[in-house]
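Have a look at the structure below, then the notes.
These numbers were taken from a predicted model, which means no experiment stands behind them.
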Amino acid sequence: MGYAVVLGEALVDLLDAEHDGEPVYRQAIGGGPLNVAVATARLGGDARFVGSLGDDALAGRIRAFLTGAGVDVSGTVTVPAPTALAVATFAGPEPDFRFYGEPRSYALLGPDDLDVALVEGADVLYCGSIVLLDPPVLAAARRAWSIAGALRVFDPNVRPRLLTAPGALDGLRAVVAEFAAAAHLVKLSAADARLLYPDEPVEGVAAYLRELGASTVVVTLGADGALVAAADDVVRVPAPKVDAVDATGAGDSVMGALIAELLAAGEPTDPAGWRELVAFALRVAAVVCESPGGATAMPTRTAVATRFAGKEGPLLNASGRAGAPS
């Protein structure tokens with residue numbers, strides 16, 4: 001088993017909550033790629049986080065959290081900026097994020113900051129999320145994408161609040177097309193698909209991304225599971241039924257689970273293998289949705305196995321595509 005490089009943002013989420021009847025904000029370590037790295041590590045994968053962190057106490061907490069979760073941070077750089085904040089409010093379990101902090105601490109990784117040997121040695125390279133809206137990190141991601149000999153996985157993880165400038169959405173579509181063209185796997189949500197391609201059903205979006213060059217496309221559908229397009233096979237995989245408390249990080253946990261399985265057993269050789277892999281990833285996301293907290297809710301394999309003990313369908317493990325969980 002090799003390692004995954006996860007390139008993207010880490011920040012602090014302020015989650016809308018109540019205490020003694022008064023509105024408060026609960027602090028949580030966050031950022032989509034950070035969540036992906038933590039999910040990968042919790043499921044037994046070797047994850048290396050690459051990004052820029054601020055020079056304040058909050059950045060120290062981020063480093064400590066990542067290290068405590070088993071994520072390597074040797075590829076991070078410290079920048080002279082306060083840690084960026086994402087304020088999340090809720091209407092149901094889905095969070096709405098607004099971002100604060102200038103300059104944004106997560107957006108200051110440049111191409112010259114990359115540890116080239118770290119990227120070249122990875123078995124899986126993840127790029128995506130909101131850092132691709134910032135030219136320095138986009139340039140770093142392009143460099144990583146071009147030198148990686150790894151399986152390349154991509155997730156646009158769109159945040160509409162950051163697409164208010166004229167032409168921003170068209171620019172993001174171009175970036176998505178660029179990265180999808182050389183991706184082994186693209187994972188996006190149905191909300192991402194609707195925003196990027198409003199006139200297309202999710203099946204059409206998956207077909208378009210595969211036409212661009214993506215080998216496999218997974219579109220998460222919330223409580224309805226996921227659509228998986230691999231080879232000429234397009235199927236929907238159902239999600240477990242759960243009482244969702246907080247969907248923060250659920251999509252990231254799907255990506256983390258996919259990366260952990262790619263590290264464990266490589267890219268599936270047929271659509272059936274992808275269906276099994278995605279079914280496992282949806283179980284991971286279900287566990288995340290049952291607890292508040294995003295990164296802190298990322299489960300271990302044992303936790304997933306315990307939650308779904310006795311349920312129909314295989315659970316994946318680190319030694320093969322299906323069987324008793326490790």
Side-chain angles (χ1 to χ4, degrees), residues 1-10 32-34 36-41 43-52 66 70-77 109-129 131-132 136-157 174-188 209-218 229-231 252 254-271 273-274 277-278 281 316 318-321:
M1 181 187 293
Y3 64 88
V5 164
V6 177
L7 189 154
E9 74 269 9
L34 177 142
V36 170
V38 171
T40 301
L43 293 167
D46 184 349
R48 318 285 178 93
F49 182 77
V50 172
S52 57
L66 284 167
V71 177
D72 180 275
V73 295
S74 61
T76 63
V77 297
L109 180 83
D112 293 336
D113 297 316
L114 279 181
D115 183 335
V116 171
L118 183 72
V119 174
E120 289 178 332
D123 287 72
V124 177
L125 170 65
Y126 163 101
C127 290
S129 199
V131 293
L132 299 185
V137 198
L138 176 57
R142 282 173 168 153
R143 186 181 186 196
W145 210 242
S146 69
I147 64 177
L151 292 173
R152 292 180 294 276
V153 301
F154 176 72
D155 181 358
N157 196 26
V175 170
V176 170
E178 174 189 348
F179 280 80
H184 295 85
L185 168 66
V186 175
K187 196 283 294 181
L188 70 164
L209 294 173
R210 292 202 67 245
E211 287 171 5
L212 289 174
S215 300
T216 299
V217 177
V218 174
D252 303 325
V254 169
M255 180 58 96
L258 298 177
I259 291 174
E261 288 303 316
L262 291 174
L263 287 174
E267 190 175 14
T269 58
D270 56 40
W274 275 110
L277 196 161
V278 171
L316 301 189
S319 61
R321 285 293 170 208

For Phe49, what residues pass the ring-ring contact (aromatic ring centres under 6.0 Å, His included) criterion, not counting sequence neighbours?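 Phe49 satisfies ring-ring contact (aromatic ring centres under 6.0 Å, His included) with no other residue.
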Leu125 versus Ala150, closest heavy-atom pair with distance: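 Heavy-atom minimum between the residues: N-CB, 3.9 Å.
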Determine the minimum heavy-atom distance between Gly32 and Asp252, stating which atoms define it.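 Between these two residues, the closest heavy atoms are CA-OD2, 3.4 Å.
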Results of side-chain hydrogen bond (donor to acceptor under 3.5 Å, both in side chains) for Ser74 - residues two or more places apart only: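 Result, side-chain hydrogen bond (donor to acceptor under 3.5 Å, both in side chains) vs Ser74: Asp72.
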With Thr76, which residues qualify under side-chain hydrogen bond (donor to acceptor under 3.5 Å, both in side chains), at least two apart?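 side-chain hydrogen bond (donor to acceptor under 3.5 Å, both in side chains) list for Thr76, sorted by chain: Arg63.
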Residues Leu258, Val153; criterion side chain to side chain contact (heavy atoms under 4.5 Å, CB included); working and verdict: CA-CA 9 Å; Leu258 298 177; Val153 301; over 6 Å; no
With rounding to the nearest 0.5 Å, note down the distance linking [atom1] in [X] to [atom2] in [Y].
{"X": "Leu185", "Y": "Glu267", "atom1": "CG", "atom2": "CD", "answer": "8.0 Å"}
{"X": "Thr40", "Y": "Ile259", "atom1": "OG1", "atom2": "CD1", "answer": "4.5 Å"}
{"X": "Arg210", "Y": "Ser215", "atom1": "CZ", "atom2": "OG", "answer": "7.5 Å"}

Tell me which pairs pass side chain to side chain donor-acceptor pair (under 3.5 Å) where either residue lies in residues 174-187, with sequence neighbours left out.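 Applying side chain to side chain donor-acceptor pair (under 3.5 Å) to every pair that reaches into residues 174-187, excluding sequence neighbours, yields Arg142-Glu178, Asp155-Lys187.
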Under the side chain to side chain contact (heavy atoms under 4.5 Å, CB included) rule, what do Arg143 and Val116 come out as? Steps first, then yes or no, please. CA-CA 9 Å; Arg143 186 181 186 196; Val116 171; 3.4 Å; yes
Pair Asp115-Val50, side chain to side chain contact (heavy atoms under 4.5 Å, CB included): steps then yes or no: CA-CA 9 Å; Asp115 183 335; Val50 172; over 6 Å; no
Pairwise salt bridge (charged side-chain N to carboxylate O under 4.0 Å, His left out) hits with a residue in residues 116-125, at least two apart: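 Of all non-adjacent pairs touching residues 116-125, none passes salt bridge (charged side-chain N to carboxylate O under 4.0 Å, His left out).
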Applying salt bridge (charged side-chain N to carboxylate O under 4.0 Å, His left out) as the test, list every pair that has at least one member in residues 144-154; sequence neighbours left out.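 Checked against salt bridge (charged side-chain N to carboxylate O under 4.0 Å, His left out) - neighbours excluded - no pair reaches residues 144-154.
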Minimum side-chain heavy-atom gap Pro268-Leu277 below 4.5 Å: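 In short, these two side chains touch, coming nearer than 4.5 Å.
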Under the criterion side chain to side chain contact (heavy atoms under 4.5 Å, CB included), which of Leu209, Leu212, Leu138 is the partner of Phe179?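 That would be Leu138.
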Under 3.5 Å donor-acceptor, Arg48 side chain and Ala37 backbone: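 No.
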